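To start, the structure under review is shown below, and the notes come after it.
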2 protein chains.
Amino acid sequence: MATDTRELLLKETETLLRTRGYAAFSYADLAEKVGIRKASIHHHFPTKEALGAALIDSYLDDFRAALDAILANEKSAIDRLNRYAAFFVSSMKDGMMPLCGALSAEAYVLPESLQVRVRGFFELHLEWLQGVIREGKKAGELRSDLKPKHTATLILSTLEGASLVAWAMKDPGAIKPAIASVVRTIEA
Amino acid sequence: MATDTRELLLKETETLLRTRGYAAFSYADLAEKVGIRKASIHHHFPTKEALGAALIDSYLDDFRAALDAILANEKSAIDRLNRYAAFFVSSMKDGMMPLCGALSAEAYVLPESLQVRVRGFFELHLEWLQGVIREGKKAGELRSDLKPKHTATLILSTLEGASLVAWAMKDPGAIKPAIASVVRTIEA
DNA sequence: AGTAATCTACCTACCAGATGGTAGGCTAGG
DNA sequence: CCTAGCCTACCATCTGGTAGGTAGATTACT
């Protein structure tokens, strides 16, 4: 099927980006993985930059949907945060970095259009977290002295950092205690 | 002077690694920065891998010395941790990622000898932090229920993560509140 | 002391292979 | 017949790395 190739390309691009980063992944790698010739990739994505941008866009859409689903299914802030944190745990379990964590280190040498998207992705996280925190405070579930913005940044940072360290140390188990700590310290 | 070139090469390599990462920095970049021909770099460092290894080694030595100095100069656990955290703040202020944070994302595609060193670097951090935490607990300065290993990982993760997010968001100010939070939550 | 041999730090000129990307052609299905 | 989806063949440029040479400092030997 036609469009399947496009999806396959995006899927393999995701894997490559999240394990190697942007600079260290090539059209040749991707072509081999998908079982297509290098030049054919250009038919679907004219440039590497466009491919990267499309990947982040689709990843961001999925993530946004997943975050919405959490809001719909979980009504407690703590549950919501635990579900959120589970994304990072399952990333590691799949043997990959979270996408934007993988790209952030290279941010400086990323094409502008990708830098913008990485920032947008983090902003999505931060805004969602802030919302959860505000509601949690209102419900008396979270400590009333929390500053939503700082707390959101702290949670995102901890999870990205724990992923990074776990990834480098090849110790996926190191992630969960970090989550537990953060959640515990913001509970009312 | 002769040996100055070697030092200069290491210094510029550090900057390049901490802003671009390993894959995205080249001998050509380095040659231009140092004002030497590409081939001459090979006189000092036979391969890119050797250069990377030498850089991490020297960075690790410096860091170890800095950590020792903290132990010598500060006797309170909280002060020690704040001094430790200041490294990450000043990294950002210099417009660079912490070295191993920058390299971690690429860990999977790094030459083995560099992967080993990155892990060793994190282990140095974690062991130092565990020592500080144990002493802090004994002195009654830190909460007595802290698990040194988990807490050390949490601190390292938070600082690396905060650096990563601050770097990607081009918002160096986002780092300090994260530090403050972590320190606050482990105080007795 | 004088000179020959060696070493250091750099150079120019290459190399094979990989990089992202292009041009143009074949083929199957609507 | 046209076009989506793929192909082969090619391109300039960059990658890390090598070969071999040169000027000048250092050392070793008589």
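Just so it is clear, the structure is predicted and the values come from calculations on it, not from any experiment. Sequence lines set the chain letters: A, B, ... in the order given, protein chains first and strands last, and positions in each chain run from 1.
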Protein-nucleic acid N or O pairs under 3.5 Å, nucleotides 25-30 of chain C:
none

Item to check | Selection residues 159-184 of chain B - residue pairs positive for ring-ring contact (aromatic ring centres under 6.0 Å, His included), sequence neighbours left out | outcome: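 Checked against ring-ring contact (aromatic ring centres under 6.0 Å, His included) - neighbours excluded - no pair reaches residues 159-184 of chain B.
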
Checklist entry - Tell me the side chain to side chain donor-acceptor pair (under 3.5 Å) pairs involving residues 84-96 of chain B, sequence neighbours left out? => result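 Listed once each, the pairs are B/Arg18-B/Ser91, B/Tyr84-B/His125.
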
Checklist entry - Applying side chain to side chain donor-acceptor pair (under 3.5 Å), which residue pairs with at least one partner in residues 97-109 of chain A are found, sequence neighbours left out? => result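 Those involving residues 97-109 of chain A do not exist here.
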
Next on the checklist: Has A/Arg117 got a side-chain atom pairing as donor or acceptor with A/Asp57's backbone, closer than 3.5 angstrom?
Outcome noted: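 No: the side chain of A/Arg117 does not pair with the backbone of A/Asp57.
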
Show the atom names and distances, to 0.1 Å, of all donor-acceptor pairs under 3.5 Å that link a side chain in residues 21-32 of chain A to residues at least two apart or in another chain.
{"from": "A/Ser26", "atom 1": "OG", "to": "A/Ala28", "atom 2": "N", "distance (Å)": "3.3"}
{"from": "A/Ser26", "atom 1": "OG", "to": "A/Asp29", "atom 2": "N", "distance (Å)": "3.1"}
{"from": "A/Ser26", "atom 1": "OG", "to": "A/Asp29", "atom 2": "OD2", "distance (Å)": "3.2"}
{"from": "A/Tyr27", "atom 1": "OH", "to": "A/Phe45", "atom 2": "O", "distance (Å)": "3.3"}
{"from": "A/Tyr27", "atom 1": "OH", "to": "A/Thr47", "atom 2": "O", "distance (Å)": "3.1"}
{"from": "A/Tyr27", "atom 1": "OH", "to": "A/Lys48", "atom 2": "N", "distance (Å)": "3.2"}
{"from": "A/Asp29", "atom 1": "OD2", "to": "A/Ser26", "atom 2": "N", "distance (Å)": "3.0"}

Which whole-number value in Å describes the distance from [X] [atom1] to [N] [atom2]?
{"X": "B/Arg6", "N": "C/dC10", "atom1": "CZ", "atom2": "P", "value": "12 Å"}
{"X": "B/Ile36", "N": "C/dT8", "atom1": "CD1", "atom2": "P", "value": "16 Å"}
{"X": "A/His44", "N": "D/dC7", "atom1": "NE2", "atom2": "C1'", "value": "12 Å"}
{"X": "A/Leu30", "N": "C/dG21", "atom1": "CG", "atom2": "C1'", "value": "15 Å"}

Next on the checklist: Check for me, please, whether B/Ile179 and B/Ile70 land in the same ILVMFWY cluster - side-chain distances under 4.5 Å, paths through other members count.
Outcome noted: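 Linked within one cluster.
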
Checklist outcome for this item: A correct 5'-to-3' footprint of nucleotides 8-17 of chain D, with B, S and - meaning base, sugar-phosphate only and no protein heavy atom under 4.0 Å, is BB-----SBB

Checklist entry - Does the side chain of A/His43 get closer than 4.0 angstrom to OP1 or OP2 of D/dG5 through an N or O atom? => result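 For D/dG5, OP1 or OP2 has a side-chain N or O of A/His43 closer than 4.0 Å.
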
Checklist entry - Can you tell me if the side-chain N/O atoms of A/Thr5 get under 4.0 Å from OP1 or OP2 in D/dG5? => result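 So the side-chain polar atoms of A/Thr5 never come under 4.0 Å of the phosphate oxygens OP1 or OP2 of D/dG5.
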
Checklist entry - Looking only at heavy atoms, what is the nearest atom pair of B/Pro148 and B/Lys137, with distance? => result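 Nearest pair, atom of B/Pro148 first, then B/Lys137: CD-NZ, 4.2 Å.
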
Next on the checklist: For the NZ atom on B/Lys138, are there more than 12 heavy atoms of other groups (residues, nucleotides or ligands in this structure) within a distance under 6.0 Å?
Outcome noted: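 Not buried by this count: 12 neighbours or fewer within 6.0 Å.
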
